[in-house]
Engineer: 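My questions will all concern the structure given below.
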Amino acid sequence: MTPALNREFPPVFDGHEDFITQMKERPGGHPPLRAVPRDFLAESEEGHVDLPRAMKGGLGGCFTSIYLSTERAEMNALAFTMDQLNDVFRIADRSEGRFRVCRTVEEVRRAFDADAFASVFMFEGADAISWSLKELRVFHELGLRVLAPTWSRSTIFAHGVSFEGKLPESGLTDLGRELVAECDRLGIVLDVSHINPAGFWDMIETSANPIIATHSSVKAISPHARNLDDDQIRAIANKGGTIGINFATFFLRPDMQGDADVPVDVVLRHFDHIINLVGDEHVSFGTDFDGAPIPAFVKDATGLTAVLRAMKASGYSDARLERICNGNFLRVAAQVWK
Ligand SMILES: [Zn+2]
């Protein structure tokens, strides 16, 4: 029996999870990017999240990332995107209502109430969208509600953060500006987590809507290129957006190493930094479960309760916990999704 949703804290709606890259849904299967193919509906010791562990950890749902390796993006981004969307729908089909593809805030809240996992599609890179943008409308119909113009590489729309100085440092392309306008029109939330600084500022200026970082942490604590500096944090807050704190050890640790020995107070420092800078309406969870190494004390989705207990012990009010757990993401969603 799948356990009910743990209600010790408000349900967590997570900004970014990569579990679909690790699930094996099609009869013929496809090579997973990492680890052993798993069944999302069965409890496993592998990876970070499946339905039973989500329920035990109070994880009520997430932006489910559709991610393409660079090889797949170049081979046939559209086909591999359809594969993953299909995989997610298949999990929902088998779940007897315990895993739901949600398209509205009301559907997310209803899933919380029904002890079901609320999955909302996000694309981590717009590789499957062509110059005409025609695919975007269709993906929106299918439930796409969050879009990052690029992963840490280049698309026809934007350039990702460069780790080795290999990517252009320019901002949004002309097509990228059209993409932003079309997302605004359709009601798709824009995600700046992987974009380079010039693209970040172009998105801030170009979009009329609140913008989010689904899975980035604080550069003042860990100076990783994927993290956000204080000016960027203020800009996201000024537009009414929120930042999902990434639990990847190299984005949390001041030394940017992958070592899983990360104490809970280091995780809390990232939340505290944003709260002290711009207030608690602009910080959320963006764990990167099943996409990156995470602190040993968290271990998997069940460990969210350990983080939340530490937040409560450090004096976070119930109202603040509600905003961090789901209120901030759902506020932005209610404003942008049409
Ligand atoms: Zn990512």
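As the structure lists them, so they are numbered: ligands from 1, and atoms in each ligand from 1. The basis for the numbers below is simple: all heavy atoms, side chains too, and nothing from hydrogens, waters or symmetry mates.
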Engineer: By atom name, which N, O or S atom of His215 is the nearest to the Zn ion (ligand 1)?
Structural biologist: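 Restricting His215 to its N, O and S atoms, the minimum distance to the Zn ion (ligand 1) goes to NE2.
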
Engineer: Does Arg109 make a cation-pi contact with Phe112, if we ask for NZ or CZ under 6.0 Å from the ring centre and within 45° of the axis?
Structural biologist: no

Engineer: I'd like to know: is the Zn ion (ligand 1) within the 2.8 Å range of an N/O/S atom from Glu124, strictly under that distance?
Structural biologist: yes

Engineer: Run the salt-bridge test on Arg7 and Asp115 with the 4.0 Å N-O cut-off and return the result as yes or no.
Structural biologist: yes

Engineer: For a distance under 2.8 Å, tell me if His194 has an N/O/S atom near the Zn ion (ligand 1).
Structural biologist: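 Under 2.8 Å: His194 contacts the Zn ion (ligand 1) through an N, O or S atom.
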
Engineer: Salt bridge or not for Arg269 and Asp272, using N-O below 4.0 Å?
Structural biologist: no

Engineer: For Phe123, run the ring-ring contact (aromatic ring centres under 6.0 Å, His included) check against Phe139, Phe63, Tyr67, Phe80 and tell me which one passes.
Structural biologist: Phe139

